[in-house]
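Here is the structure we will look at, set down as C-alpha cells.
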Amino acid sequence: LFQAVSASLTFWFLPSQLDNGYFSDKGILSKLFVKENIFYQLLCVFGALYPLYKEELESSLLGQALIALFVFFPYLILRPLFPTTRLSYTNNSDKSAKYRSEERKGFYMTGTQMIKYFYIWGKQVMGFGH
C-alpha cells in the first residue's frame with residue numbers, strides 16, 4: 001500500500017493512459033493503474049487488519065463506520081474515488097499492438113482471464129467472508 005501511494009505521488013513520468021500496461025513487453029504501467037490498485041490494496045489491508053482489531057473497531061462509532069464502509073459499501077463509496085482501467089481496453093483496441101507483441105498475446109489473454117476470475121472470487125470473499 002505504501003509503495004503504491006508513494007509511486008502515485010512521485011512517479012510523474014508514468015503515462016496517464018487507459019491502457020493499464022500490466023501485461024506488456026513494449027510499454028510501462030499507467031499511472032491510472034497504480035492509483036487504481038491503491039483501492040484494492042486498501043481492501044486487502046482492511047481484510048488483514050480487521051480480525052486483529054475487531055474488538056477495537058466494533059467498540060467505537062468510527063470503527064463501526066469503517067467496518068460498514070469496507071464490508072458493505074466499498075464499491076459504492078470508495079471505488080468512485082479512484083480511476084478505472086479496463087483490461088478489455090487494450091484487448092479490444094487497435095492500440096494493443098503498440099503495447100504488446102504478437103508473440104506474447106497468448107500470455108496476455110491467459111493472464112487477463114485469471115485476473116478476471118480472481119477479481120470475482122476476491123470480491124465475494126472480501127465482501128462476504130467476514
Side-chain angles (χ1 to χ4, degrees):
L1 178 62
F2 295 116
Q3 184 179 15
V5 170
S6 68
S8 70
L9 295 173
T10 59
F11 287 7
W12 51 268
F13 55 86
L14 293 177
S16 291
Q17 59 194 18
L18 292 176
D19 174 35
N20 56 38
Y22 187 64
F23 284 114
S24 176
D25 58 341
K26 293 182 179 180
I28 60 174
L29 283 176
S30 167
K31 190 171 194 171
L32 299 177
F33 182 71
V34 173
K35 289 181 178 181
E36 178 182 30
N37 274 290
I38 293 171
F39 167 74
Y40 296 108
Q41 291 173 17
L42 283 171
L43 291 179
C44 290
V45 167
F46 176 78
L49 295 179
Y50 175 72
L52 298 173
Y53 299 103
K54 182 179 178 185
E55 291 179 15
E56 291 86 348
L57 287 170
E58 291 176 352
S59 66
S60 72
L61 189 60
L62 178 62
Q64 291 173 5
L66 281 174
I67 292 170
L69 178 67
F70 278 96
V71 173
F72 298 111
F73 304 112
Y75 293 93
L76 293 173
I77 296 173
L78 291 178
R79 186 65 180 108
L81 302 175
F82 296 89
T84 302
T85 60
R86 305 257 187 247
L87 292 171
S88 61
Y89 173 75
T90 51
N91 198 19
N92 299 327
S93 172
D94 294 335
K95 296 180 180 182
S96 63
K98 179 180 174 183
Y99 299 112
R100 58 193 58 80
S101 62
E102 192 63 35
E103 301 89 45
R104 305 277 190 254
K105 189 172 183 174
F107 173 76
Y108 171 73
M109 298 299 284
T110 303
T112 301
Q113 286 300 318
M114 291 174 67
I115 288 171
K116 288 178 182 179
Y117 293 130
F118 180 74
Y119 175 79
I120 291 168
W121 177 81
K123 190 174 180 180
Q124 295 300 316
V125 170
M126 290 301 291
F128 303 108
H130 294 290

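What's counted below: heavy atoms across the whole structure, side chains too, no hydrogens, waters or symmetry copies. One is the number of the first residue; the rest follow in order along the sequence. Just so we're clear, the structure is a prediction, and the values are computed from it rather than from any experiment.
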How far apart are the closest heavy atoms of [X] and [Y], and which atoms are they?
X: S8; Y: K31; answer: O-CE, 3.1 Å
X: P51; Y: G47; answer: CD-O, 3.3 Å
X: P83; Y: R79; answer: O-NH1, 3.2 Å

Has [X] got more than 12 heavy atoms of other residues, nucleotides or ligands less than 6.0 Å from its [atom1]?
X: E56; atom1: CD; value: yes
X: L9; atom1: CG; value: yes
X: Q3; atom1: CD; value: no

Under 6.0 Å between the ring centres of F11 and F13?
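Centroid separation for F11 and F13: below 6.0 Å.
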Side chains of [X] and [Y], heavy atoms from C-beta outward: is any pair under 4.5 Å?
X: F73; Y: L78; answer: no
X: L81; Y: F39; answer: no
X: Y50; Y: L66; answer: no
X: F82; Y: L42; answer: yes

Measure the [atom1]-[atom2] distance between [X] and [Y] for me, rounded to the nearest 0.5 Å.
X: Q41; Y: I38; atom1: CD; atom2: CD1; value: 7.0 Å
X: L43; Y: Y75; atom1: CG; atom2: OH; value: 5.0 Å
X: L32; Y: N37; atom1: CG; atom2: CG; value: 11.5 Å

With the 4.5 Å side-chain cut-off for hydrophobic clustering, are L69 and L52 part of the same group?
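In one cluster: yes.
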